[in-house]
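Here's the structure, in structure tokens; my notes come after.
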Amino acid sequence: MVAEETILIVDDELGPRESLKMILKSRYRIESAENGMDAIGILQEKKIDLVTMDIRMPGPSGLEVLKKIKERWPFIEVLIVTGHGTLRTSMDAIHYGACDYLLKPFNINELLEIIRKA
């Protein structure tokens, strides 16, 4: 049974975006965007409970989009999921309000637990 919560998956790469969708679609309603600007547009139109966000994308970076989300929708949780993580970006993400930070490839059970807690 799919939960009432909706997750927005934001990643410029189709493979990771579709992988997350496959993992989560049996538990949550899913929206997806290939960049930060599309994500902001979806957030303006739909009720989103949690965003999974890559850091490196064309246009504004995931950290820039994270800041915008937390300024405008502070109640939306943002989980950074990236293959380009560094200690600095993880510290920045938490400072800007991310609920957590995962490096690709990630453990599916860890991902699901973080989302459940968020």
Side-chain angles (χ1 to χ4, degrees):
M1 184 165 132
V2 177
E4 293 297 314
E5 294 87 10
T6 302
I7 295 177
L8 172 59
I9 300 167
V10 186
D11 197 313
D12 63 316
E13 295 181 53
L14 180 62
R17 200 168 60 239
E18 287 299 310
S19 294
L20 274 172
K21 186 176 182 179
M22 293 295 292
I23 293 165
L24 299 172
K25 72 179 182 179
S26 66
R27 294 172 175 91
Y28 303 98
R29 284 184 275 155
I30 303 296
E31 296 288 333
S32 64
E34 24 184 285
N35 60 59
M37 296 309 295
D38 289 348
I40 296 296
I42 290 170
L43 289 166
Q44 290 172 336
E45 295 175 7
K46 300 186 178 193
K47 180 190 175 296
I48 302 294
D49 299 290
L50 182 134
V51 176
T52 66
M53 176 92 59
D54 192 8
I55 288 182
R56 248 188 229 175
M57 298 182 290
S61 73
L63 291 177
E64 292 172 288
V65 177
L66 166 62
K67 285 192 260 184
K68 288 179 184 180
I69 291 171
K70 293 314 253 181
E71 286 169 8
R72 186 146 182 206
W73 301 280
F75 53 88
I76 295 176
E77 296 292 353
V78 179
L79 168 61
I80 300 295
V81 181
T82 186
H84 304 287
T86 64
L87 178 58
R88 177 81 257 158
T89 58
S90 67
M91 290 171 50
D92 287 346
I94 299 303
H95 175 76
Y96 297 140
C99 65
D100 215 322
Y101 187 97
L102 277 177
L103 291 174
K104 296 174 191 171
F106 52 82
N107 177 290
I108 292 172
N109 291 326
E110 182 180 7
L111 169 76
L112 293 173
E113 183 62 18
I114 289 168
I115 290 173
R116 188 189 65 72
K117 286 180 181 178

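Computation of the quantities below employed the complete heavy-atom set of this structure, encompassing side-chain atoms and omitting hydrogens, waters and symmetry-equivalent molecules. Residues take their numbers from the sequence shown, with the count starting at 1.
Considering only heavy atoms from C-beta on, Ile30 stays 4.5 Å or farther from Leu20 through its side chain. In this structure, the side chains of Leu50 and Glu5 stay at 4.5 Å or more apart for every pair of heavy atoms. Contact annotation: the side chain of Thr82 never approaches that of Thr89 to less than 4.5 Å [non-hydrogen atoms, C-beta and beyond]. Looking at Ile115 and Tyr28, their side chains come closer than 4.5 Å, going by heavy atoms from C-beta outward. Val81 places a side-chain heavy atom less than 4.5 Å from the side chain of Lys104. Inter-residue side-chain proximity for Gln44 and Arg72 is flagged as met; some heavy-atom pair is nearer than 4.5 Å. Between Arg29 and Glu4, the closest side-chain pair of non-hydrogen atoms falls below 4.5 Å. Contact check for Asp12 versus Asn35: no side-chain heavy atoms found under the 4.5 Å cut-off.
Just one residue in the list Thr52, Ile9, Asp11 forms a side-chain contact (heavy atoms from CB on, under 4.5 Å) with Lys21, and that residue is Ile9.
The structure places NZ of Lys70 at 13.0 Å from NE2 of His95, a figure rounded to the nearest 0.5 Å. Residue Leu102 holds its CG atom at 11.5 Å from OG of Ser90, rounded to the nearest 0.5 Å. Remark: Ile23 CD1 to Asn109 CG distance equals 10.0 Å, nearest 0.5 Å.
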Worked check of side-chain contact (heavy atoms from CB on, under 4.5 Å) between Leu79 and Ile7: CA-CA 10 Å; Leu79 168 61; Ile7 295 177; over 6 Å; no
Phe106 and Ile114: CA distance, side-chain angles, deciding distance, side-chain contact (heavy atoms from CB on, under 4.5 Å) verdict: CA-CA 12 Å; Phe106 52 82; Ile114 289 168; over 6 Å; no
Salt bridge (Lys or Arg N to Asp or Glu O under 4.0 Å) assessment of Glu71 paired with Lys68: CA-CA 5 Å; Glu71 286 169 8; Lys68 288 179 184 180; over 6 Å; no
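Salt bridge absent: Lys67 and Glu64 never bring a charged side-chain N and a carboxylate O closer than 4.0 Å. A salt bridge is absent between Asp54 and Arg56; no separation between the charged side-chain nitrogens and carboxylate oxygens falls under 4.0 Å.
Membership of the apolar cluster around Leu66 extends to Leu8, Val10, Ile40, Ile42, Leu43, Ile48, Val51, Met53, Ile55, Met57, Leu63, Val65, Ile69, Trp73, Phe75, Ile76, Val78, Ile80, Tyr96, Tyr101, Leu103, as traced through chained side-chain contacts below 4.5 Å between ILVMFWY residues.
Ile108 CD1: 12 or fewer foreign heavy atoms inside a 6.0 Å radius.
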